[in-house]
Amino acid sequence: MYNDDCLNAGLAELGITLTDRMREQLHTYYEMLIETNRVMNLTAITEYEDVCVKHFLDSLCLVKALPELREKADLSLIDVGTGAGFPGIPLKIVFPELRVTLLDSLQKRVLFLQKVVAECGLSDVLCVHGRAEEYSRKPEFREQYDICVSRAVTRMASLTELCLPYVNVGGKFVPYKAAEFDEELAEAKSAIATLGGAVESKQTYTVPQSDYGRTLLVVRKKKPTDKRYPRGGGKPMKQPIVSRETL
Ligand code: SAM
């Protein structure tokens, strides 16, 4: 029913092989996305091939930055500001042993995600409705994750304060960013250090089967985040910790 040539070619570039079950789960997810998108704003991208490239393959490019996804079974991952489930759901489908938390501040999107999880038969997925800067203060979420990912949520300085508190010491925060990212990264240098992180690697590449440029940054958590962070009252967004040299 679906022409998967483009998806298959992109997956081959990433060195990923789908089982029949994974393929069915991606199809079911696509159908639910399109169906629900009629009544709720989930995505501007609706053609099957476009969804495969700009949502599925883009999400799965995490393997470029984190080869351990292929090897280590027991990893926990949180997707902050997951929206309709990107990148968290494709990652969970293709790496089913990941323990995944999908967090978003918009309740109707979280209800949609709960339905996707049930319909696709995904286990070990927690869908959380809440603000990132509030949930990371709870002991059951703070510094509990090996990996924190986030795509298209906010600029790096603010995003670091939203995301790095979730990562355990030794774990990694990997934001999905635009190809042109140097200025945003320079602005976030101070936030990364203040929150206990250090940049480990930065990879810029083209998403398979497209000319769509992307940067994946890997920030390693070096020490626990100070209790003062994240700050309340919307400060991570309104007054981001910005490096002095960029002011
Ligand atoms: N990550 C998805 C993607 O790439 O398709 C969704 C991106 S959408 C542009 C941004 C999402 O972040 C929205 O669903 C929004 O509700 C969520 N969001 C924004 N600020 C947030 C916060 N402080 N805590 C949790 N979610 C947040």
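The shown structure was predicted, so the numbers you read here are calculated from the model rather than taken from an experiment. Positions are given from 1, in the same order as the sequence printed here. In listed order, ligands and their atoms are each counted from 1.
- Side-chain contact check for R214 versus Y176: some heavy-atom pair is nearer than 4.5 Å.
- With sequence neighbours left out, Q107 forms a side chain to side chain contact (heavy atoms under 4.5 Å, CB included) with L111, H129.
- Applying the salt bridge (charged side-chain N to carboxylate O under 4.0 Å, His left out) test to pairs two or more places apart or on separate chains, those with a residue in residues 87-109 are D74-R99.
- Taking the six-membered ring where the residue is Trp, the centroids of Y2 and Y30 are separated by under 6.0 Å.
- Residues meeting the side chain to side chain contact (heavy atoms under 4.5 Å, CB included) test with K64, sequence neighbours left out: L14, C61, Q203, Y205.
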Show me the short polar-atom pairs for ligand 1: any N or O of it lying under 3.5 Å from a protein N or O, with distances only.
{"unit_1": "ligand 1", "atom_1": "1 (N)", "unit_2": "G81", "atom_2": "O", "d": "2.8"}
{"unit_1": "ligand 1", "atom_1": "1 (N)", "unit_2": "F86", "atom_2": "O", "d": "2.8"}
{"unit_1": "ligand 1", "atom_1": "1 (N)", "unit_2": "R151", "atom_2": "O", "d": "2.8"}
{"unit_1": "ligand 1", "atom_1": "4 (O)", "unit_2": "R151", "atom_2": "O", "d": "3.3"}
{"unit_1": "ligand 1", "atom_1": "4 (O)", "unit_2": "R151", "atom_2": "NE", "d": "2.6"}
{"unit_1": "ligand 1", "atom_1": "4 (O)", "unit_2": "R151", "atom_2": "NH2", "d": "3.3"}
{"unit_1": "ligand 1", "atom_1": "5 (O)", "unit_2": "R151", "atom_2": "NH2", "d": "3.1"}
{"unit_1": "ligand 1", "atom_1": "14 (O)", "unit_2": "D104", "atom_2": "OD1", "d": "3.2"}
{"unit_1": "ligand 1", "atom_1": "14 (O)", "unit_2": "D104", "atom_2": "OD2", "d": "2.7"}
{"unit_1": "ligand 1", "atom_1": "14 (O)", "unit_2": "R109", "atom_2": "NH1", "d": "2.7"}
{"unit_1": "ligand 1", "atom_1": "16 (O)", "unit_2": "D104", "atom_2": "OD1", "d": "2.7"}
{"unit_1": "ligand 1", "atom_1": "16 (O)", "unit_2": "S105", "atom_2": "OG", "d": "3.4"}
{"unit_1": "ligand 1", "atom_1": "23 (N)", "unit_2": "R131", "atom_2": "NH2", "d": "3.1"}
{"unit_1": "ligand 1", "atom_1": "23 (N)", "unit_2": "E133", "atom_2": "OE1", "d": "2.9"}
{"unit_1": "ligand 1", "atom_1": "24 (N)", "unit_2": "A132", "atom_2": "N", "d": "2.8"}
{"unit_1": "ligand 1", "atom_1": "26 (N)", "unit_2": "S105", "atom_2": "N", "d": "3.2"}
{"unit_1": "ligand 1", "atom_1": "26 (N)", "unit_2": "S105", "atom_2": "OG", "d": "3.3"}

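- The side-chain heavy atoms of K172 and V167, taken from C-beta on, include no pair separated by under 4.5 Å.
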